[in-house]
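Everything below concerns the one structure shown next.
Just so you know, ligand 1 is whichever comes first in the structure, and atom 1 is the first atom listed for that ligand. Below, each value reflects all heavy atoms present in this structure, side chains not excepted, and no hydrogens, waters or symmetry copies.
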Amino acid sequence: MLKIGPLSFQSRLLLGTGKYPDFSTQKQAVEQSATEILTFSVRRMNIFEKNQPNLLEELNTEKYSLLPNTAGAKTAEEAVQTARLARSSGLCDMIKVEIIGCQKTLLPDPVETLRASEMLLEEGFIVLPYTSDDVVLARRLEELGCHAIMPGASPIGSGQGIINPLNLQWIIEQTSIPVIVDAGIGSPSDAALAMELGADGVLLNTAVSGAKDPVKMAIAMKKAIEAGRLGYEAGRIPKKTYATPSSPTEGLISG
Ligand SMILES: CC(=O)[C@@H](O)[C@H](O)COP(=O)(O)O
């Protein structure tokens, strides 16, 4: 069970809603993924004009918890403004803080992310900041009272997978709020690795929406995340330098 603040979820897969080839594919992929949390950019969404097309229009949004994100914001103040807009639509109290500090890498601005998180927590939001994979920053965000942290695996949309598993491992070991690996996941094995490392969930978009068959990939991601979690709970064997036989020869009757 994934717990974020007062909310609980069976699925540990959080799915983005952008860049699908069409609404029908998006709907099928979302349904087959069994996700319970959908994220979307408030600035790209028509949340107030109900008669205008929007990215969620084919989806039964009552079935999902919505996680609006502040993509497009460059400062804490802009992010807070975007979060207030999302909340005033009545959609949800959760907010993914996304403040980009570098347009080439789309990596988050740590200073503005920290400031925005503090301001949003004061306003009573359930705050999930998208961060770099920095353990010190993760701990600072936890100390502020954030409800989860979302370190990037690699740059958004890059599909490079987990560039630095050790950094993620440190964050997972040294924080006690949910860690949701966000951005850069390219394949089911990347998602499984994040879960095997002990992440509480994975947020991804491009790997599914940009796949040759997004619906099949959504199913693959669902299974990978479940398998990775099971493997983590089961506890992997330690790595050894040398071989140990699978069928021990000690104790065999000779002759
Ligand atoms: C949709 C969303 O929130 C993205 O900003 C997120 O970080 C996903 O990244 P990928 O597209 O790399 O999965």
Partner of [X] under side chain to side chain contact (heavy atoms under 4.5 Å, CB included), chosen from [options]:
X	options	value
Ser117	Ile149, Val127, Thr131	Val127
Phe9	Ile37, Asp200, Leu14, Thr35	Ile37
His147	Leu141, Ile177, Leu121	Leu121

With backbone taken as N, CA, C and O and side chain as the heavy atoms from C-beta onward, which portion of Thr17 lies under 4.0 Å from ligand 1: side chain, backbone, both, or neither?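 Thr17 to ligand 1: no contact under 4.0 Å from either part.
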For ligand 1, which atoms have a heavy atom of [X] less than 4.0 angstrom away?
X	result
Gly157	10 (P), 11 (O), 12 (O)
Asn69	3 (O)
Ile156	5 (O), 7 (O), 9 (O), 12 (O)
Glu98	3 (O), 5 (O)
Thr39	1 (C), 3 (O)
Gly184	10 (P), 12 (O)
Asp182	6 (C), 7 (O), 8 (C)
Leu204	13 (O)

Is it the case that the side chains of Glu173 and Gln169 hold a donor-acceptor pair, with the cut-off being a distance below 3.5 Å and no angle test?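 Indeed, the side chains of Gln169 and Glu173 share at least one donor-acceptor pair under 3.5 Å.
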Is it true that the side chains of Ser176 and Glu142 contain a donor and an acceptor less than 3.5 Å apart?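 Yes, side-chain donor-acceptor contact under 3.5 Å.
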Using modelled atom types only, decide if a donor and an acceptor are shared between the side chain of [X] and the backbone of [Y] within a distance under 3.5 Å.
X	Y	answer
Arg12	Met1	yes
Ser154	Gly184	yes
Gln32	Ala218	no

Taking only non-hydrogen atoms of Lys96, do any sit less than 4.0 angstrom from ligand 1?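 Yes.
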Does ligand 1 have any atom sitting under 4.0 Å from a heavy atom of Gly18?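 Not so, Gly18 does not reach ligand 1.
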[atom]: nearest protein contact (heavy atom, Å):
atom	answer
atom 9 (O) of ligand 1	Ala183 CA, 3.4 Å
atom 10 (P) of ligand 1	Thr206 OG1, 3.6 Å
atom 1 (C) of ligand 1	Asn205 OD1, 3.4 Å

For a 4.5 angstrom cut-off between non-hydrogen side-chain atoms, does Asn205 reach Phe40?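 No. Closest side-chain heavy atoms not under 4.5 Å.
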